[in-house]
Structure formats: structure tokens, C-alpha cells
A.B. asks: 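Quick one: the structure is below, and I'll ask about it shortly.
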Amino acid sequence: MSSFDIVTSSFRIHRRRGHAVAEAVRAGAFAGAAAIAFALVGAYLIMDRRFVVEDIITLAQTVVLLFVLGGGHAAARSAARDGATAATAIGFGALAGLVAGLLFAAAILLVAHVGLRSHLVAASPMLVRAVTFLGAPGSAVAAAVLVTAGTAAGSVGAAAAMLRADRRTAVLIGLAALLGAGLFRDVFAGLLHNLPGLAALEPMVFGVGGVTPVAAAVIAVGAAGLSLVLHHRRRPPIAASTRRRIEGVLLVVLLVLVPLVTDAFVAQVAMLVGLYVLMAMGLNIELGLAGLVDLGFVAFFAVGAYTMALACSSDPRAAVHLSFWLALPLATTIAAVAGLLFGLPVLRVRGDYLAMATLGLGEIVRVLVVSDAMKPYLGGSQGIIEIARPSLGGWTLDTPLQFYFLALILAALVGLVSWRLQHSRIGRAWLAIREDEDVAQALGIDLVAAKLLAYTVGAAFAGMAGAVFAALIGSVYPHSFQLAISINVLAILVIGGLGSLPGVVVGSLVLIGLPELLREFGEFRYLFYGIALVVTMHLKTEGLWPAVARQEATDA
Amino acid sequence: MAPRHERLEALAEWRRQSTWVDGVLLAIRLGVAATILVGFGGSLVAGTYSIGNIASFVVFGLTIGCIYALVALGYTMVYGILRMINFAHGDVMMVGSFGGLFAADALSGAGVLEAAPLLSLPLVVAAGMVVGAGVALGVERIAYRPFLHVRSLAPLICAIGMSFVLQYAARGLFGSRNRAYPGFGWMERTFEVGGLTIPMLQVVAFVAAGVMLAGLLAVVRLTRLGRAMRAVAEDRDAAALVGIDVGRVIVATFAIGGAMAGVAGVLYALVFKQITVFLGFSLGIKGFAAAILGGIGNLPGALVGGLVLGLAEALGPALLLEGFALPAPYQFKDVIGYAMLVMVLIFRPQGLLGERLADKRA
Amino acid sequence: MPDPSDLLLDVRALGKRFGGLVAVREVDLAVRRGSVHAIIGPNGAGKTTAFNCITSFVKPTSGRILLDGERIDGLAPHRIAAHGVARTYQNVRLFANMTAIENVLVGEHLRLRTSFLDIVLRNGRFHREETAARARARDLLDFVGIGPRAGLLARAMPYGDQRRLEIARALATRPRLLMLDEPAAGMNPAEGMALVRLIERIRDDLGVTVLLIEHHMRVVMAISERITVFDRGAVLAEGAPNDIQNDDRVIAAYLGTRSTQEAHAVKLRAEARTA
């Protein structure tokens, strides 16, 4: 049915452009509304605890300012497009900031003085405190400060919009570097701590919660300067394929080296990222290559995990007791068979309907696994525990870092197989099916065989990930196998780029790594996923690291 | 030719044309039929439930079936017009349900709810409708309007994203604990009829749903907007050519579907007492199952599908699962709905009453 | 009635209804091996539906279709392709996001012998088969005349080249019967003649039987050995080109005589002058 359009979407927001003042007010209103929404959803409360710059500005305050900055930026761009001068455009930006500030301040005053807490759980005094810059929380002074800060932020955003492109990029890069340093404080602090010779730098750069003021200035200015320098150097022409190769190598280096030099927490996050990379490569075969929307994917992960559990633990339900290295291929194979069985009934279902059918099947599996009826075999809601760790000779894998490298090796293997499949007659057949199923059939491609193969291979990879997961955690509980995981993997693919192997890695880093590293995310990670999905579909349908558009040399 | 000869020929013809996949599908059909027979037989033999029990299950099933039908209407209308599934529809219902909650709380605080529930009910329902319609319009604007002319999976992904946004934003806004509607005065009672004890709220919900459904069918049949909607569902380009503003019709469709979902949310809260922000997911799937069961794009089909699904869910554990002597059969209640969905999608995607679309524009 | 053993494609009493609409009714078609056979007729006469029945894009309601004596009606489309039937489409249906050579390589799918294991291990057989397939694909692209454009994305190609690519892709399946649905649509007379030459080469050099639907009478008359005329779902006439051209019923339904055509042209010129 529908082939996924891997080409950039041609969608552009068409709005009738009103008067510049109206545009500015509109931008400000949007910014204000967004800030208020974020506030009421409770995000600020968590962001209050982290300082971007130690003792000067928290993440919560930064986010408020960023919203307003954005509003001012948009207003100024719009005014400039209508031919206003720089000064006027900045004025409009200030207007947008004023509107946003007024709205936000009004909302905060409302929260501070009216009891909304029974309905809107985040509307608490803590929220008010989190977004107060100066003055007593909830007072008129604080509100005035908010409005002023808003206007100022709007103007700054507008000014940034008026800069020449390279300077604007430099400012953005400087700010982003500062924000990144503050947010990822733990990662970088750990890095500095572990790298030889740099340990002494650590207390100078990072405080308890964020970056020290001096370091903040250095980072921001330094990054901005670097950006300017890089922009203006003479660029030697590099062929697209060479550049891609360099990017790929850099990615690999990053993946291998960084976890080695940071602390255990980062290693654990890396481990989780590695698992999702494995799983996402599986779904990549099904969805990215063959175009099959499988929302019940988590079932294969579960099959692999439970197989490992039943084959490797000292739980009485365990049928056999194998070593990890035997149980792993067993789990992979059984998951592959599951994929075959799963795919058979839904072979002829297409498009959106396939999404719902696989969703239903996945949910049925989940209910079965958690049910009391299957408890004697699968452990019901208590799951299966005491799964043994993998060991080789006398050496047991028990740190997350070691598991991470196991996952990395498996991912490399799986990636190799994926790549080879993609660039073969099977891969071409899958692509043909995705493009135009009926024509593919008319050319002799057996849809059944091709689709079943996709399900089988995809399920095998997921099962492998599940087996490693079980061994890592040491136990399996049915509550780990929810629909949300299928959606996570789907989001990774979509945002990284369907059908693209580096995209899978990037997607996992962004969607799994980021929320884990930034504890602020907490329960909001799914909100973040949802927003990321919507934004990606609107701005860059083909993902962050898109599959290479196939252009082969004529003399290959 | 003798009939037997013809039948053998037909069989040979089927064997010539079919592949092993058809054989597997046939085996699945037989397996499901056998399972149902075994379960049903076993339940009859076990005889755990009396006729009175069964009757009360039926009443419950009809009520919940009407709620499913209201949700299914939203799916079916959107699909009829856009040929796309609104993945976020269940969450629209959830938000509508919360909208009703706040209205009910406000009325309760003013003492009106307790004193005059018959007056308050339409107000609460209206609140749910308004909120539901509003959220649905937002979903249309963000997840569907930009992709009207692009044939891809992007709107589905976007809708999935919106579904998550709605669920978790609601969680942030309203908290993750269960909420309950305040008491509706005399409607909280039960009454006796022919030996059955029926909660009045169920009857109220049933009647309210019926009124809404009748109203909607009237709109679609009798008004200009309804005609325009049917025209756009039939052939979007032709409708545009005769001067129908397709964009406005789409917006209206989403709004009406969202309003219906909002009503469903309020009624659900009345019947089940507890709502949570994660309500939308399973209700959404079941609503979709009801829509598909009846025939997507087919309005009476949504009603039929909803009732069938509701009855199946209410009677299933008693009449079917009981026969398998499973521990805790109620855990499989949802499986009945999911299984019906999967079976219909595989074997008869056009549903019981058939798709109103001539053939899917694949 | 031609000798059945001469026939590559033998369609008997083919019928297809869509609900209440009868699209094709009691159609007989006899395509001789090694020939070029054309189907003509007004729009909506059921020509493409007949094609769709033969390739199993839709299942016929009644009738039989035999390819070289073997029944193929109702079989799954990929099995029909394996039997040696390939087609092109009225509105070009290429794989838009694949390059020209990749499109043709998809056509090679049927004839490639690499297994799953061969692919994962990238062994000698894989490399041999892939190299041979690419060479064959290149040859086919040259054969249809778009060799230099092998690396171009299909959707970036000009229309005429796209049509040729579709033919190359169909030929890659090594069919015995090639079915072309309006191959000359949108072509000017020069391109039309080039197409005629291409079809001749397909028949003579590759030994492939060609069945085509076409509206361009010049092309039809230039290349066909036999013509079947469709009208309102049934066969109106069948025979050699000259017979068809002079058949009264065909003229009335579709062609028009030279005299009626000239009269029509005179009328149009008169109207244009007075307007």
C-alpha cells in the first residue's frame, strides 16, 4: 500500500502573513503559551534542581528564556521579511517578548494566588519559585521582573536574528555548547576525572550542579569563536562519500572510546543504548527495508528474553541449564521462529491495518505472558529470576561496561548482516515491495517469502537483544515488555532515519541516551518522544542520518 | 453435471490456485472455530453462571457496547474521509473524560450535581464534547492536515507522537493517579427489574449514548454538512469539483468525531467510576476494533461493531473462557477484543457490514 | 482458427465483472508464438482489464487462460511471472526512488540463484551471480537505448526513457510473452517509430512474443501481425491489419474511414474560420 516517502517532505506551513505587529503578538503568544504549558506539565519542577551556570541560572529559568528568545527570533524574522529595518525588527522582537512575558507572568500569578492544585497537580508554590528570577515568589515584583526579562529575551532573540548568518550560527553554537556543558555536566566531569592529566581541571570547570561562571564564559566564547573560524577557513573539496566515511569512523571511535573513559553510570547508559541499537536494527529490517509496520515488535524481544531466562537460570521453571553462549543462539533462533509464526497470519494485511493487527498480536502476547494461566511456565507477574551471568573460561561478565562491549560486538555483527542483506537481491526485493507491492509481485517476487524473511530476521535480532537484556538484568518481568518499547524502537528508526544503519545508532543515542543521561527527563521522556516524532515528521521526514539516496556509478 | 462433480472440480480449482499460505490461514480459521466451540461447550457444561447472571452481563455488554460505538464513530468517520486511522483518537476520549470531570467537580462544588443530576448530566456531557472536539481539532491540525497530499506513513507516525504527547502531557497536568467523578445524586442507585439488579448509571449511559448516536445519524442523513461529508468520503476530488470546501468538511468531521469520543469518555467514567490518563490506549484499540468489525467507513457499522464487541467482552469470560478452566479468566477479557480485531483484520477487513468504499485505493 | 500448438497465449471465454459492472465478456484471444499481436479499441472497452486478468492483477470471473498449453488463470502474480509473462503499465510504474539499473536488477530477481546464506556470507557464488546480473542489466539497458543513464534515479529520467526502462525491467525476467500497455502513449511520431523498431528487435533478436494495447494507429499498423478489436468488453473483430482497417464494424465503432475522417477535418476548419 503506502510506500514510506524517504524523500524530504514538501510540506511547508502556509499561513497568510498578517501585519508585522499581529505576527509579533502571535509569536509572543505562542511562546508564552508554550512556556505555560511546559510549566503546568510539571517539567520545570524537575529542571529547577539543575544549574546551567552554577548559582546563577537554573535549567528551568533557561528554558523559559529560550521560549521567549524563540518567539522574539520568529517575530524579527517575520518583520525583516516584510522589509523592516534591523532596529524595527528588534522592536518587534521586544514586543513578542513583552507579550510572552505578560502571559507567563499572569499565569504564574494565577497559580500563586488561586488554588488550582486539585486539578492541575503541578500548579504548586514550588513551580512559582522555580520560575522566579528575582523578588519574592508570587509577588508583583517578581511578575514585573518576568515581564522585563521576557522583553529583554525577546529583544536578544530578535537581535540574534538580525545578525549575519555566520555570526548567528556562532552565537547559537556558543549557547548550545554552554547548555550542553551544563546539562551533561556529569558526563564531562567524569571524563575530566578519568583522563590523565586533566583531573585537576575538574573543580575549576564544574561546580556541584553546573558549570562555574568563569568556565561558562570561556566555553561560550570559545565555541562561538571556533565556529566563526571554521566557517571562514578555506574548505578543501571533499567528496560526499569520503565525508560519509569520515563521519562513520568518527561515530565508531565515539562509541568505542567514550564509555571507556567515563564512569559506571555512563557505561550503564551506553549498555542500554547498545541494546536498543540491536533491537532497532531488527525493526529496521522489517520497517526500514521491507516497509512492514510492526507495532508488536516487543513480543520478539520478550521471546528472546524469556528463552534466555528459561535456559539459563536456576529457577525451577527452567527447562534446561545451558551456558550463555549456547542459550544466545537458541534464543535468537526461537525468536526467529516466533517472527515467522507472527508474520504468517498478517501477510496480506497492508499499511495502517498491519500496524493495528501487529499491535493487537503484541498485546495478546503481553497478556498471555503476565497471566496466571501461564504462570507455571512463564512466571506470571513475578517473572523469572536468578538468571546466570555469561562466563567464558573462568571470567564472568558482570560490569555494564563489559556487557556494553558485548552488545557492541553483536550490534556490529548484526549491522554487517543487515548491510549485506540490503545490498543483495533480497534487499532490492524488499525495497521493491515497499515502493510498489503489486509491480514487485508481477516481476516474480514472492511476497510471502520476502515478507516472512523480513519478519524472521527482524525477530531474530530482537530476540538476541532480549537474551542479552535478560542476562544483564538477571531477571525478566512481564512489565518490561510493554507496547511502549515497540514505540521507542519505532521512534528511534523514524528519527534516526528509516533504512539507515548509522541512523539507528544516532536515533538510539538521542532517544535513549539523552533521557537517561539527563535525569530531568524522568517521566517526561515519552512526552519528549511524542514531540520529537511530531517535529521530525514536520521538519525532516527522512530522519537525522538518512539512508543514502541510491546513486550508483555507471561503471560499478 | 452432478453437483458432486462440480464440488470436486471447485476443490481442485482451489488447490490449483492456492498456496501453502492459504492452507495456513484455513488452519487458523479452523483452530479459532474449534477453540470457540470447546470453550462454549465447556462453559455450558460447567454451568457456573445462572440466567440472571447472563442477563446482567448482557445489559452491561450493551452499555459498554454503546460506548465503544461512540468511539468507533470517530474512527470510522475520519477513515471514511481521509483513508487514515486516527491513532490519537483514544486519547481524545481520555481528555474529554477529564473535561467532564472538571465540569462535574465544579457542579459538585456548587451543590448542583447532588441536587439535580438530571440537569447536570447534559452539562457534564457537553463539557466532554467541547473538550473532545477541541483536542481532535488540534490533532487534525498537527498530524493530518499537513500530510493530506503525501501518501506515506508520516501521518501515522505523527498521530502516534500526538497520542504520546496527549497521554503524558495529561499525566503531567493531572497526575497519574486514578480519578473518580463525584456522585450524581439519585442516579447512583440501582433498581430491580425482573430479578436483575441494574445500576441506574448504566441505563443512563445507554440512553445517552443512544441519543447521541441517533443525533449523529440524523446530522449525517439530513443536513447539508452530512451530505457534504458523505460526498467527500465517496470521492474527495469530485466533491471539491462541485464546490464543497473539503478542508472545512475534514475539520467538521474531526470535531464531530472528537465530540462523540468526549461523550464516550464521560459515559465511561459514569459506568466504570475511575479514569486515568492511560485510559485512551486500550479504549482506543477497542474502539478501532469495533469500527473495523462493523465495517470501516460505515456509520451503522460502527454501532453494530460496538454492540457486538461489547457483548462479546461481557459474555466472553462467562460463556467462553470459563470452559477452559483457566485460573483468573478475567485477565483474558481484553484478549477477546484484541483477538477479534486481529481476526477481522486478517480474514475480513471489510467488516460485518462491508466497507462503504468501493475498493481501497492501495 | 490457428493450430493450438502455435499459440503461446490462448484466452478462452474470459469474463470479469466488478460487482454489477461487466468489464470483460466472453473474450477469446489467440496470440501466436513469436508474433506481435495488438489489441485496440475505444477507452473503457476492457483492454487493460483483460491484461490485468492475464497477469492476475485481478482474478477473472470466468474463462480460461493458457500459456503454452498450461493454465495460468487465477495463479498468484509471481507464479505467472515465473511462467514467463511480463508487462508494462499504462501509467509508468517504475520504482521511483531506485536507479535505472536497480530497477532492472529487481527484474532479475526471478532468475538469480543466490540463497540467503550466499548473501550473508558474500561467498564466491554471490559475487559471480551479482556480477553476471549487473552485466545482463547493463546489456538490457543498452538494448532499449538508455545505457548511459544507468545510474540515474528513475524519477529523474525523462518520460520517454522511463518507458524504455520499464520495458527493460520487464525483459529482465526473461519472459516468453511481453505485454505492453500503451507503450507509445505521449510519444511523437519519431519516438513512435523508434518504439516500433525496438519491438521488432524484441521479437526477432530476443524471440519474445509481444502483446500490446495501443491507440496510436500508425504504430499498430506498422508492427502488428494480428489485431484484436475490443468494444464494450467484448471482441468486435480479429484479424490481419488490413482486414481490420477495412472492417465496417470496426470503422463504425472506433476507426472511422478516411472519408469520414476527412469530412470531419473539413468541418473543423470551417468552424474555425467563422469563429
Side-chain angles (χ1 to χ4, degrees), chain A residues 1-5 9-11 13 37 40-43 118-122 291 293 344-357 359-361 363-364 367-368 370-373 375 437-438 448 483 487 490-491 494 523-524 526-527 529-538 541, chain B residues 19-21 24-25 28 79 83-85 87 98 101-102 105 142-143 146-147 149-158 160-169 171-176 281-282 285 288-289 292 324 326-329 331-332 334-335 337-339 341-342 345-346 349 360 362:
Chain A
M1 188 193 155
S2 45
S3 70
F4 199 101
D5 208 49
S9 76
S10 55
F11 164 67
I13 304 181
L40 290 177
V41 160
S118 60
H119 289 154
L120 296 172
V121 299
V293 191
L344 260 176
V346 294
L347 277 175
R348 304 217 173 126
V349 186
R350 294 190 189 188
D352 289 1
Y353 282 12
L354 181 63
M356 299 306 278
L359 184 78
L361 280 177
E363 280 298 293
I364 292 178
V367 170
L368 277 176
V370 81
S371 71
D372 287 343
K375 198 160 173 175
E437 204 172 272
D438 297 314
V448 168
L483 170 72
I487 306 271
L490 177 71
V494 166
E523 312 101 61
F524 297 105
Y526 290 111
L527 184 59
Y529 286 173
I531 296 177
L533 278 177
V534 173
V535 167
T536 308
M537 283 298 101
H538 278 212
T541 319
Chain B
T19 60
W20 62 280
V21 177
V24 168
L25 290 176
I28 293 179
Y79 193 87
R83 307 284 187 274
M84 288 195 266
I85 301 174
F87 202 89
F98 272 88
L101 171 67
F102 296 149
D105 275 341
I142 296 179
F147 302 106
H149 301 291
V150 179
R151 209 68 191 115
S152 76
L153 289 169
L156 180 71
I157 308 273
C158 231
I160 293 179
M162 289 288 310
S163 169
F164 267 38
V165 168
L166 283 173
Q167 274 182 44
Y168 287 92
R171 200 185 104 145
L173 286 170
F174 309 133
S176 57
F281 172 67
S282 94
I285 297 189
F288 178 72
I292 288 278
F324 293 116
L326 299 164
Q331 287 177 341
F332 289 92
D334 287 345
V335 171
Y338 298 149
L341 171 66
V342 173
L345 282 175
I346 294 175
K360 265 169 70 77

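Protein chains get the first letters and strands the later ones, always in sequence-line order, with residue 1 at the start of each.
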A.B. asks: Write down the atom of B:Met162, the atom of A:Val534, and the distance for their closest heavy-atom approach.
C.D. replies: N-CG2, 3.9 Å
A.B. asks: What part of B:Phe288 gets within 4.5 angstrom of chain A, counting heavy atoms only: side chain, backbone, both, or neither?
C.D. replies: side chain
A.B. asks: Is there a side chain to side chain contact (heavy atoms under 4.5 Å, CB included) between A:Asp352 and B:Arg83? Walk through the geometry before answering.
C.D. replies: CA-CA 9 Å; A:Asp352 289 1; B:Arg83 307 284 187 274; over 6 Å; no
A.B. asks: Mind checking the CD1-CZ spacing from A:Ile487 to B:Phe164? Nearest 0.5 Å is all I need.
C.D. replies: 4.5 Å
A.B. asks: CD1/B:Ile285 to CG/A:Leu359 distance, rounded to the nearest 0.5 angstrom?
C.D. replies: 4.0 Å
A.B. asks: Drop me the distance from A:Tyr353's OH to B:Leu341's CG, to the nearest 0.5 angstrom.
C.D. replies: 10.5 Å
A.B. asks: At a heavy-atom separation under 4.5 Å, does A:Val535 approach chain B through its side chain, its backbone, both, or neither?
C.D. replies: neither
A.B. asks: Could you pull out the closest heavy-atom pair between B:Val165 and A:Ile531, with the gap in Å?
C.D. replies: CG2-N, 3.5 Å
A.B. asks: Less than 4.5 Å to any heavy atom of chain B: does that hold for the side chain of A:Ala532, its backbone, both, or neither?
C.D. replies: neither
A.B. asks: Between B:Pro146, B:Cys158, B:Pro155, which is the residue that forms a side-chain contact (heavy atoms from CB on, under 4.5 Å) with A:Met537?
C.D. replies: B:Cys158
A.B. asks: Rounded to the nearest 0.5 Å, how far apart are OG of B:Ser282 and CG of A:Leu483?
C.D. replies: 11.5 Å
A.B. asks: For B:Ile292, is it the side chain, the backbone, both, or neither that has a heavy atom closer than 4.5 Å to a heavy atom of chain A?
C.D. replies: side chain
A.B. asks: Which atoms of B:Ile85 come close to chain A, meaning under 4.5 Å heavy atom to heavy atom: side chain ones, backbone ones, both, or neither?
C.D. replies: both
A.B. asks: How would you list, by chain and number, every residue that makes a salt bridge (Lys or Arg N to Asp or Glu O under 4.0 Å) with B:Asp334, sequence neighbours excluded?
C.D. replies: B:Lys286
A.B. asks: Measure across B:Val342 and A:Leu361 and return the closest heavy-atom pair with its distance rounded to 0.1 Å.
C.D. replies: CG2-N, 3.8 Å
A.B. asks: Tell me, please, which residues at least two apart from B:Phe87 pass ring pair (Phe, Tyr, Trp, His ring centres under 6.0 Å).
C.D. replies: none
A.B. asks: Quick one: which of A:Pro345, A:Gly360, A:Ala357 has the most heavy-atom pairs under 4.5 Å with chain B, could you say?
C.D. replies: A:Pro345
A.B. asks: If I take atom OH from residue B:Tyr338 and atom CE from residue A:Met356, how far apart are they, to the nearest 0.5 angstrom?
C.D. replies: 10.0 Å
A.B. asks: Please classify the contact between B:Leu156 and chain A as side chain, backbone, both or neither, with a heavy-atom cut-off of under 4.5 Å.
C.D. replies: side chain
A.B. asks: Would you compute the distance between atom CG of A:Leu344 and atom CD1 of B:Ile28 and round it to the nearest 0.5 angstrom?
C.D. replies: 7.0 Å
A.B. asks: Does any backbone or side-chain atom of A:Leu490 lie under 4.5 Å from a heavy atom of chain B? Answer side chain, backbone, both or neither.
C.D. replies: side chain
